[in-house]
Amino acid sequence: MLYGEISKEWGNCQNLTALYLSGNGITGRIPSELGKLKILRELDLRSNYLVGEIPNELFNLSSLIRLEVRNNILTGGLSSEVGMLINLQHLDLSTNNFTGPIPEQLGDCSSLLSLNLSRNSFNESIPFQVGSLDSLQIMLDLSRNELTGEIPPALSKLKKLEILNLSHNKLSGSIPSSFDQMLSLTTVDVSYNELSGPVPNIKAFQDAPFDALKNNIGLCGNISRGLEPCCGWKKRGQA
């Protein structure tokens, strides 16, 4: 178990390609000097006690393919400069205290396979640019934030996505009908929102347990999933 703060001297290790410091008792801030590690590919700082913001200098690490800071006490917003990480494949900022909107520039991270922003306080709407992440395959987890507005239809362009979790937000409106095209989905969770209307007619939604759909204001669909039938939904929506 390591304690204390991350030394600024790590920035002088110019040949470093990976830095794993997860699961320790490390405190303090992430030093901006890590932004000098031009060939760094993996930075894993999960499960420590780090505070403050992610230094903007880290977003200059064009070789980075993995950035994981899950389960810390990090604060502030996610900088729009995150879009400079065009080779990033795994981004996990979950279980921190991040606030503010999800930057639309996140859609420029075109190599992402997995994106986890859950258990923070991100707010405003989901930027439609997230739908540009057509490499996204493993996971898109935006759960347990304070996101509002409707689910962008552009998310249906994530044809390779397997796991989608939008639960425990304040999302409203209906689930876009274009989600019927997301045939790679295996697991979905849209519970604890303010959604209404039909559940998409694909296996991931039709086979989803009731717990993955519950606590919305009016989702309808397969009665065996504990939902109301949709026979009168269009009429009610037009009224």
Side-chain angles (χ1 to χ4, degrees), residues 89-92 94 101-102 104 106-107 109-120 122-239:
Q89 296 178 8
H90 302 274
L91 178 60
D92 190 344
S94 62
I102 298 172
E104 61 185 42
L106 190 59
C109 298
S110 56
S111 299
L112 273 178
L113 301 174
S114 177
L115 174 60
N116 191 346
L117 304 182
S118 66
R119 296 179 183 271
N120 281 287
F122 287 112
N123 55 35
E124 298 187 19
S125 59
I126 301 172
F128 71 86
Q129 290 85 354
V130 174
S132 299
L133 300 173
D134 53 12
S135 292
L136 208 58
Q137 177 179 348
I138 300 171
M139 171 194 301
L140 173 59
D141 192 343
L142 305 179
S143 65
R144 296 182 183 273
N145 280 287
E146 299 174 11
L147 298 170
T148 58
E150 299 190 355
I151 300 173
L155 292 191
S156 65
K157 294 190 293 184
L158 303 177
K159 306 293 188 185
K160 302 175 183 176
L161 189 64
E162 297 176 1
I163 298 174
L164 175 65
N165 193 341
L166 303 176
S167 67
H168 292 85
N169 280 289
K170 302 173 184 177
L171 299 171
S172 57
S174 60
I175 301 174
S177 59
S178 54
F179 273 37
D180 286 353
Q181 304 167 20
M182 301 179 72
L183 300 180
S184 291
L185 281 179
T186 60
T187 304
V188 295
D189 192 340
V190 295
S191 62
Y192 292 90
N193 279 290
E194 300 167 12
L195 298 169
S196 59
V199 170
N201 189 27
I202 55 174
K203 184 175 176 60
F205 277 95
Q206 295 300 320
D207 291 352
F210 178 66
D211 283 352
L213 305 172
K214 70 180 183 181
N215 282 79
N216 281 285
I217 63 173
L219 286 180
C220 58
N222 192 332
I223 299 175
S224 67
R225 301 269 74 82
L227 300 175
E228 295 292 327
C230 288
C231 54
W233 179 78
K234 288 186 178 179
K235 183 177 180 180
R236 289 198 300 270
Q238 293 169 354

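Checked by atom type and distance alone, the side chain of Asp180 pairs as donor or acceptor with a backbone atom of Asn201 at under 3.5 Å. With hydrogens and angles disregarded, a donor-acceptor distance shorter than 3.5 Å links the side chain of Asn216 to the backbone of Val190. In this structure, Thr186 contributes its side chain and Glu162 its backbone to a donor-acceptor pair below 3.5 Å. One N or O on the side chain of Ser184 and one on the backbone of Lys159 form a donor-acceptor pair closer than 3.5 Å. Distance alone, capped at 3.5 Å, places no donor-acceptor pair between the Glu146 side chain and the Glu124 backbone. Ser118 places no side-chain N or O within 3.5 Å of a backbone atom of Ser94 that could act as its donor or acceptor partner.
Taking the six-membered ring where the residue is Trp, Phe205 and Phe179 present tilted rings, their angle falling between 30° and 60°.
Side-chain contact check for Ser191 versus His168: some heavy-atom pair is nearer than 4.5 Å. Using a 4.5 Å cut-off on side-chain heavy atoms (C-beta onward), Leu164 and Leu158 make no contact. When side chains are defined from C-beta on, Leu195 does not count as touching Leu166, because their heavy atoms never get closer than 4.5 Å. Between Asn123 and Thr148 there is no side-chain heavy-atom pair separated by less than 4.5 Å. Taking 4.5 Å as the limit, some side-chain heavy atom of Leu106 sits within range of a side-chain heavy atom of Leu117.
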